[in-house]
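This structure is a prediction, so every number in the text was calculated from the model and none was measured. Letters A, B, ... mirror the listed sequences (proteins, then strands); counts begin at 1.
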Amino acid sequence: MLSMYDYAAIERKWQTRWDRDRLYRAADTSEKPKYYSMEMLPYPSGDLHVGHAKNYAFGDAVARMMRMLGYNVLHPMGWDAFGLPAENAAIERGVDPAVWTAENILNMRRQIRLMGTSYDWSREVATCEPEFYRWNQWLFLRLFERGLAYKREAPVNWCPHDRTVLANEQVIDGRCWRCEHLVERRNLSQWFLRITDYADRLLHDLDRLGGWPERTRVMQRNWIGRSEGVAVKFGVDGLDEPIEVFTTRADTIYGATFLAVAPEHRLVQSLRGIVSPAHSEAIDRFASAVRSKSELERTSLMAKEGVFTGAYAIHPLSRERVPIWLANYVLAEYGGGALMGVPAHDERDFDFAKRHGIPIVQVILPEDAEAAAPLEAPFIEDGRLIASEGFTEMSSPRAREAIAARLAAMGAGEPRVTYKLRDWLISRQRYWGTPIPIVYCDACGEVAVPDDRLPILLPPRERVTGEGSPLGSIPEFVQTECPKCGGPARRETDTMDTFFESSWYYLRYLDPHNDRMPWDPQRAAHWMTVDQYIGGAEHAVLHLLYSRFFYKFFHDCGWVSGSDEPIERLFHQGMVLRDSEKMSKSRGNVVGIDETAERYGVDAMRLFLMYVTPPEETSNWTDAGISGRVRLLNRIWRVSESVAPVPSPRESRDDELPAAETDSDKALLRAVHVVAKSAIDETLTRRFHYNTTIAKLDELVNLMTAASSQPVTPALQYAVRMLPILIAPFAPHIAEELWERRGNQTSVHLERYPEPDARALAVEEITLVVQVNGKLRARISAPAGVSEDEALALAMADPNVRAHLDGRELRKRIYVPDRLLNLVA
RNA sequence: GCCCAGAUGGCGGAAUUGGUAGACGCGCUGGUUUCAGGUAUCAGUGGUGGCAACACCGUGGGGGUUCGAGUCCCUUUCUGGGCACCA
């Protein structure tokens, strides 16, 4: 595709000059109000594709708009540089992850710069550098000191392919979220962060995040999964210790006809001791059968399998004997790993009871039912209690309170709040991550590495031998001395989950070269919170929840001030598909940055990515589509070049609205201000629907092109003068070049965005729609502000309107000034 | 199963508050420019009927509220995303 102007040369020229002039450096002190605008930092996978480009095109347009609206904008970029792909490259191809990562960063940085983005590169961070990850270690030690980092043996998800432990959140349908291999269960001693201590705050403060998409807040709310209920103790016949179950439906307690216990429950061993050898054997058989199944098989089984233990619990209220079962559908990790089975009022318990011949006792009646009838299906809603001793006739909500109170008075139960959220497992048996700064001493036990010995450096990859725990295979790394007693000790060989560093990196941008602290609290006080964060919806829970947790912790420590939420406004941009398919290397349909920039130019690419769809929608890359943006840029170039600058040294400052004599001049001035208004509105309402702004730019350029075939008027002069400023946030290179060619000495990106002018936007003549009985019958021209009576007179003069009224009398008329007149006959 | 989004011409989309449905672009058709292709430019482009004026139909389907519904309400189908033995 031919271009009228040499975009390649222009884009290169300005990228070099902006860089030389440090145009986008953010000042840490400024008269202007601050604005912290950020895109999620990329993993340096190797190549940027147009999916990344969409994210950065939008983020950059927002940053540029805010700058041109008078804000001191911080717009940084960095690299989420630790992680599995680098390590896989090492395993598969023998490349050093550090080298592989550094090369990828080099290439992707080049590509991001190639896009003409306005990042402040002086603040760039890469999480794999010791200057960064020493603060991971420092922060870990602070968590450790405050009891928020702890080690425990726990069943974990083991991916046999990646040879690593995955967080529960990283297991998708029983498979590794990255390599999709089936996940197994293993016991290992692991480091956890006590995010559950913050569950209530993380939940409640969601209500304050008005600048976040509702769906993201809903997802986090569900993820935290708070339930209020009662922990009820059921004594066990023949055992000193009771079994504790959690229920949200204490009102159904008289319908409990069995207890169901997870095979992993710690009392299962004790139960084996009090039952017959046959039962004990059955317990063993069932427990090991369940354990041998992967999480996927176990959770996808619809059949409610179970085995009777031979033991009985005593119902705390009715004193009846209740059989204790092991059941596969009871989760060891939730609600204490045991539940009371109420078949009449819970679907899963109903299925289980039907399958195993357990009695079904109805204790809740629908409000409108007279008497109990045999149940076809469980009744799971609230109702009126029956067969519940002194609680009979109570409503469900009342009964829940009354029964909880009775249980509490008896010492057989207490109110309890339970969460789905679990503590955050951060241990990784990987090489390419932050070493956890703990040593193990036979005499002193777990000992924190003192701050002055940080960072614990990652040893060279070439020292790693064999498989399993990579750092564990390097004796000179493992062997150390105890910081406390000086005796021989062993280092922790786990490294950290990369979500650790991505939970706080936005603070390091504020103070990237600080070697005494991760960041200066004063800088944080100035720049935080992040005003606008842009990134994919796939991070709606994990990354964003962990970031909120960390920030609350930092707030508690006094390292950040003001709000204890890190992100004011969040925006999820949609994916980019290629011809309606997901882009992937295996499909061979990846649209690369380099080819696209070369073929169409960066400005055209940026415009197209913002123009095809609203930013939150999935957009579809088509090679045909971008040609429309190339044409637009050509037209912009041509019309600008066709109008010579007015020989005045102050042309750029001369933004007085010129007088317009003709309709076409008025339309031209109006179109200029319509674009300005749209750009500003889309930015300040955070809708970012720049697709509509660019459509209005098309209209402006169409008008300018038409006007340029006539003698040049002041209105056209004005439009040509304003055009580079209007397009600067969206097509920064051509904007700057046209600006310079009109004799300006300073960057267009330092200009103020034009204030929409009410005089220019005003319309003198409007089109009034005339309806008869709600149907459009005429469009008539009228002066703006026309009165209802005048409008009626004009309408009645229209033959088509008269024809449709057909002489009937007007029963009613509705007048919307300057828009519509509806005549009802 | 539950939760959250969506469904508008051949295509991407516009219509932010109940008030001209289809802005703008892609594609397509025709004219001009050109040796030709491309580029540029002008015009046309939801469907049906009509020379035209114009009429009727039209925002996934059905119903409703209203002078007036893409927009609000009820219902239903489909698509996308998320979560799912959470007691």
message: Can you check the distance between B:G10 and B:U59, where both ends of the measurement are the P atom (answer in whole Å)?
response: 13 Å
statement: When rounded to whole Å, the NZ to P distance for the pair A:Lys696 and B:U16 reads 10 Å
message: Checking base pairs now: Watson-Crick or wobble, both atom distances under 3.5 Å. What partners B:C2?
response: B:G82
- prompt: Roughly how far apart, to the nearest Å, are B:G13 and B:G60 at atom P?
  reply: 14 Å
message: I want to verify the glycosidic state of B:G9; is it syn or anti under the 90° rule?
response: syn
- prompt: Roughly, in whole Å, what's the span from CZ in A:Arg226 to C1' in B:C83?
  reply: 20 Å
query: How long is the gap from CE on A:Met610 to CD on A:Gln573, to the nearest 0.5 Å?
result: 13.0 Å
query: Between B:A23, B:A40, B:A87, which nucleotide has the shortest distance from any of its atoms to the side chain of A:Arg631?
result: B:A40
message: Below the 4.0 Å mark, does B:C26 have OP1 or OP2 next to a side-chain nitrogen or oxygen of A:Asn620?
response: no
field: Spacing of A:Asp623 atom CG relative to B:C26 atom P, expressed in whole Å
entry: 15 Å
Between NE2 on residue A:His356 and NZ on residue A:Lys304, distance to nearest 0.5 Å: 11.0 Å
message: What's A:Arg638 touching, base or sugar-phosphate or nothing? Going by heavy atoms closer than 4.0 Å.
response: sugar-phosphate
task: Using whole Å, report how far CD of A:Glu538 lies from P of B:G82.
output: 10 Å
- request: May I ask you to say what A:Lys775 touches in the nucleic acid, namely base, sugar-phosphate or nothing, with a heavy-atom cut-off under 4.0 Å?
  value: sugar-phosphate
statement: Partner of B:A21 under the Watson-Crick or G-U wobble criteria, both distances under 3.5 Å, comes out as none
Among B:A87, B:G19, B:G27, the one nearest A:Thr248 by side-chain distance: B:A87
Side chain to side chain, A:Val363 and A:Leu385, heavy atoms closer than 4.5 Å: no
task: Give the rounded distance in Å between these two atoms: CD of A:Glu214 and P of B:G81.
output: 21 Å
P atoms of B:G27 and B:C11, separation to the nearest Å: 15 Å
Distance, P atom - from B:C28 to B:U39, rounded to whole angstrom: 10 Å
- request: Answer yes or no: side-chain N or O of A:Lys304 and base N or O of B:C85 forming a donor-acceptor pair under 3.5 Å.
  value: yes
message: Taking the minimum atom-to-atom distance to the side chain of A:Val816, which one of B:G27, B:G19, B:C3 wins?
response: B:G19
- prompt: Base, sugar-phosphate alone, or nothing: which one does A:His345 contact when heavy atoms must sit under 4.0 Å apart?
  reply: nothing
message: Under 4.0 Å from OP1 or OP2 of B:G13: is there any side-chain N or O of A:His689 that close?
response: no
- prompt: With a 4.0 Å cut-off on heavy atoms, is A:Gln771 in touch with a base, just the backbone sugar-phosphate, or nothing at all?
  reply: base
query: If you look at every strand shown and take non-hydrogen atoms under 4.0 Å, does A:Leu776 touch a base, only sugar-phosphate, or nothing?
result: sugar-phosphate
query: How would you label the contact of A:Val612 with the nucleic acid (heavy atoms, under 4.0 Å): base, sugar-phosphate, or nothing?
result: sugar-phosphate
query: So which nucleotide does B:A14 pair with, by the Watson-Crick or G-U wobble rule with both distances under 3.5 Å?
result: none
- request: Pick the P atom in B:G12 and in B:G62, then give their distance to the nearest Å.
  value: 22 Å
message: How many whole angstroms separate atom CD1 of A:Ile626 from atom C1' of B:C26?
response: 13 Å
- line: Closest to the side chain of A:Thr613, out of B:A15, B:C54, B:G13, is B:G13
- line: Using Watson-Crick geometry (N1-N3 plus N6-O4 or O6-N4) or G-U wobble (N1-O2, O6-N3), each under 3.5 Å, B:C35 is paired with none
- line: To the nearest angstrom, the CZ-P distance between A:Arg813 and B:U66 comes to 22 Å
statement: Sorted by position of nearest nucleotide on RNA chain B, 5' first, the leading residue of A:Ala624 and A:Thr618 is A:Thr618
message: Regarding A:Pro213, tell me which of base, sugar-phosphate or nothing describes its non-hydrogen contacts under 4.0 Å with the strands shown.
response: nothing
- prompt: With side chains defined as the heavy atoms from C-beta onward, is the minimum distance between A:His345 and A:Gln362 less than 4.5 Å?
  reply: yes
- prompt: Between A:Arg548 and A:Gln220, is any pair of side-chain heavy atoms under 4.5 Å apart?
  reply: yes
task: Select from A:Asn691 and A:Arg777 the residue whose nearest nucleotide in RNA chain B is closer to the 5' end of that strand.
output: A:Asn691
field: Presence of A:Arg217 side-chain N/O under 4.0 Å of B:C4 phosphate oxygens OP1/OP2
entry: no
- prompt: Are A:Thr692 and B:C24 close enough that a side-chain N or O sits under 4.0 Å from OP1 or OP2?
  reply: no
query: Taking the side chain as C-beta and beyond, is there a heavy-atom pair between A:Leu202 and A:Leu545 under 4.5 Å?
result: yes
task: Would you mind pulling out the nucleotide paired to B:A87, Watson-Crick or G-U wobble, both distances under 3.5 Å?
output: none
message: Aromatic contact between A:Phe58 and A:Phe688, with the criterion being ring centroids under 6.0 Å apart: yes or no?
response: no
- prompt: How is A:Tyr611 classified with respect to the nucleic acid when contacts are heavy atoms under 4.0 Å: base, sugar-phosphate, or nothing?
  reply: base
- prompt: With a 4.0 Å cut-off, would you call A:Asp207 and A:Arg221 a salt bridge?
  reply: yes
- request: Write down the distance separating the P atoms in B:A53 and B:U65, rounded off to the nearest Å.
  value: 36 Å
- request: Sticking with atom P, work out how far B:G38 lies from B:U77, rounded to a whole angstrom.
  value: 49 Å
- prompt: Is there a side-chain contact between A:Ile324 and A:Ile243, using heavy atoms and a 4.5 Å cut-off?
  reply: yes
task: Look at the side chain of A:Asp698 and the base of B:C24, then say whether one donor and one acceptor between them are separated by less than 3.5 Å.
output: no
- request: From the options B:A40, B:C3, B:A87, select the nucleotide whose nearest atom is closest to the side chain of A:Val218.
  value: B:C3
- request: Could you check which nucleotide pairs with B:A55 in any of the strands shown, counting Watson-Crick or G-U wobble with both distances under 3.5 Å?
  value: B:U48
message: What contact category does A:Asp681 fall into here, base, sugar-phosphate, or nothing, at under 4.0 angstrom with non-hydrogen atoms?
response: nothing
query: Considering only B:C24, B:A55, B:A87, which nucleotide approaches the side chain of A:His804 most closely?
result: B:A55
- request: Grab the two heavy atoms, one from A:Phe246 and one from A:Ser227, that are nearest each other, plus how far apart they are.
  value: CZ-O, 3.7 Å
Gap between atoms CG and C1', on A:Leu820 and B:A21 respectively (whole Å): 14 Å
B:U66 to B:C73 separation - C1' atoms, rounded to the nearest Å: 12 Å
Any strand: nucleotide that pairs with B:U29 via Watson-Crick or wobble, under 3.5 Å: B:A43
query: Contact class for A:Arg629 (heavy atom, under 4.0 Å): base, sugar-phosphate, or nothing?
result: sugar-phosphate
task: Name the nucleic acid region contacted by A:Arg819, choosing base, sugar-phosphate or nothing; use a 4.0 angstrom heavy-atom cut-off, strictly under.
output: sugar-phosphate
